[in-house]
Protein chains: 2
Amino acid sequence: MSHTIKVLLAEDQSMVREALAALLGLEDDIEVVVQVARGDEVLAAARAHDVDVALLDIEMPGATGIEAAALLHRELPRVKLVVLTTFGRPGYLRSAMESGADAFLVKDAPAAQLAEAVRKVLAGERVIDPTLAAAALAEGANPLTDREREVLRAAADGSTNAELAKLLHLSQGTVRNYLSTAIQKLAVRNRAEAVRTAREKGWL
Amino acid sequence: MSHTIKVLLAEDQSMVREALAALLGLEDDIEVVVQVARGDEVLAAARAHDVDVALLDIEMPGATGIEAAALLHRELPRVKLVVLTTFGRPGYLRSAMESGADAFLVKDAPAAQLAEAVRKVLAGERVIDPTLAAAALAEGANPLTDREREVLRAAADGSTNAELAKLLHLSQGTVRNYLSTAIQKLAVRNRAEAVRTAREKGWL
DNA sequence: TCGTGGGCATGACATCTGTCATACGACAGT
DNA sequence: ACTGTCGTATGACAGATGTCATGCCCACGA
């Protein structure tokens, strides 16, 4: 209890990362011992610095914070995991929890919640926004199959059916079938809307 | 010179905003005297607190940081303007400068540049990333007409031609014409790619 | 072992999208 | 006065997209 809490901070935007570090630095019982800017540097950094809590942004190059969380959970199970994100997408919350996260915070929550969350997870508590939790439970699980998600993700940048077919080694008709079922499952009118709502829900 | 620099901080994500405030709070000569979370609260706050420098995030509800900058520039010309953004889009830089910004920073620049920029703009200097400046000059101006931009923006969420026509009070054929010319000007294959590249360039 | 669902494919059809030619009025610049 | 550009519109056409029926193979759970 008496020694300071060692925190790893993973966030790709330097200015935000260092600002968050400054914020946590104001707390007497918390020390940011290592910062990384990429998801695929998290594990090594956590090992090297024997951290108590990892603070992981989701949107990062190399690997997402959720992927990093899953890896840490497997390799260093005693490290507590706080997942931080810009977007309060219910699907994100769901996958973060499935990856072993102990806390899930959105960046537009009050700053005080950050240090608070760090202390709480270390005490064995879980921290999640009740509103988001309700939304995650209400919307149910991702209805898309793996292939549907793959195709939708690939279609997100405006690629044409022919390009998607080549890219995914499928026939053009199959691509259209997957997109069609995805469009119906999401109850929208075309692929662009499908991409949009899948993103919003965190299903993409 | 001797009294502290009064800063207004506008950024919608509380955690980031307060973290940036903490960061600036570490500097002896800088004081964040007021924080706002919306673009349309900037002017009143700047007036009420007689600030020296306004730090404006671009992506905000109410009004963008660029719109807020233009307004401040007109109403309170002695306030120096630092525009801050997640995305280093050349078109953003261009419109920020046209709106009277004195500095343009991207959030993945080192945190030290923030305080530095505040001091520099107050000293009458301009602060911009040379690489971004080059890109902004190289890519030239936005080739889209007002209507083309409007239609493209409206089409971004996957709306169909019929919906766009209704929304914009145009005939369906006209909508298609605008999208067609936009697609050609941007040298892409369909509306989705057009939206994508227009966004990337900061032209949307 | 049977049924179900996923992954994959084809063909046919209707609709949506993108292109092009053409046109007219407004307005700015030469 | 002439030209160019923008906003708006139409009609025709080709190609892309979305839907549907149907079929095959495979794995998995009842």
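Convention: sequence-line order gives letters A, B, ...; per-chain numbering from 1. This is a predicted model, so every value here is computed, not measured. When reading the values below, keep in mind they use all heavy atoms of this one structure, side chains included, and skip hydrogens, waters and symmetry mates.
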Atom-to-atom span, [atom1] of [X] to [atom2] of [N] - whole angstrom:
{"X": "Leu168(B)", "N": "dA9(D)", "atom1": "CG", "atom2": "C1'", "value": "15 Å"}
{"X": "Leu179(A)", "N": "dC20(D)", "atom1": "CG", "atom2": "P", "value": "15 Å"}
{"X": "Arg189(B)", "N": "dT17(D)", "atom1": "CZ", "atom2": "P", "value": "11 Å"}
{"X": "Glu193(B)", "N": "dG18(C)", "atom1": "CD", "atom2": "C1'", "value": "13 Å"}
{"X": "Lys185(A)", "N": "dT19(D)", "atom1": "NZ", "atom2": "P", "value": "13 Å"}
{"X": "Arg176(B)", "N": "dA12(D)", "atom1": "CZ", "atom2": "C1'", "value": "10 Å"}

Is [X] salt-bridged to [Y], cutoff N-O under 4.0 Å?
{"X": "Arg17(A)", "Y": "Asp12(A)", "answer": "no"}
{"X": "Lys107(B)", "Y": "Asp57(B)", "answer": "yes"}
{"X": "Arg119(B)", "Y": "Glu125(B)", "answer": "no"}

Between the protein and nucleotides 7-10 of chain C, list the N/O to N/O atom pairs that are separated by less than 3.5 angstrom.
{"residue": "dG7(C)", "atom": "OP2", "partner": "Thr145(A)", "partner atom": "OG1", "Å": "2.7"}
{"residue": "dC8(C)", "atom": "OP1", "partner": "Arg147(A)", "partner atom": "NH2", "Å": "3.1"}
{"residue": "dC8(C)", "atom": "OP2", "partner": "Arg147(A)", "partner atom": "NE", "Å": "2.4"}
{"residue": "dC8(C)", "atom": "OP2", "partner": "Arg147(A)", "partner atom": "NH2", "Å": "3.1"}
{"residue": "dC8(C)", "atom": "OP2", "partner": "Tyr178(A)", "partner atom": "OH", "Å": "3.2"}
{"residue": "dA9(C)", "atom": "OP2", "partner": "Ser171(A)", "partner atom": "N", "Å": "2.9"}
{"residue": "dA9(C)", "atom": "OP2", "partner": "Thr174(A)", "partner atom": "OG1", "Å": "3.2"}
{"residue": "dT10(C)", "atom": "OP2", "partner": "Ser171(A)", "partner atom": "OG", "Å": "3.2"}
{"residue": "dT10(C)", "atom": "O4", "partner": "Asn177(A)", "partner atom": "OD1", "Å": "2.9"}

Would you please say whether a donor-acceptor pair under 3.5 Å links the side chains of [X] and [Y]?
{"X": "Glu59(B)", "Y": "Thr64(B)", "answer": "no"}
{"X": "Arg147(A)", "Y": "Asn177(A)", "answer": "no"}
{"X": "Asn190(B)", "Y": "Arg196(B)", "answer": "no"}

Has [X] got a side-chain N or O lying under 4.0 Å from the OP1 or OP2 atom of [N]?
{"X": "Asn161(A)", "N": "dT17(D)", "result": "yes"}
{"X": "Ser180(A)", "N": "dC20(D)", "result": "no"}
{"X": "Arg191(B)", "N": "dG18(C)", "result": "yes"}

Open item on the list: So if I take every side-chain heavy atom of Thr160(B) and compare against dG18(D), dC16(C), dG18(C), which nucleotide ends up nearest?
Closed with: dC16(C)
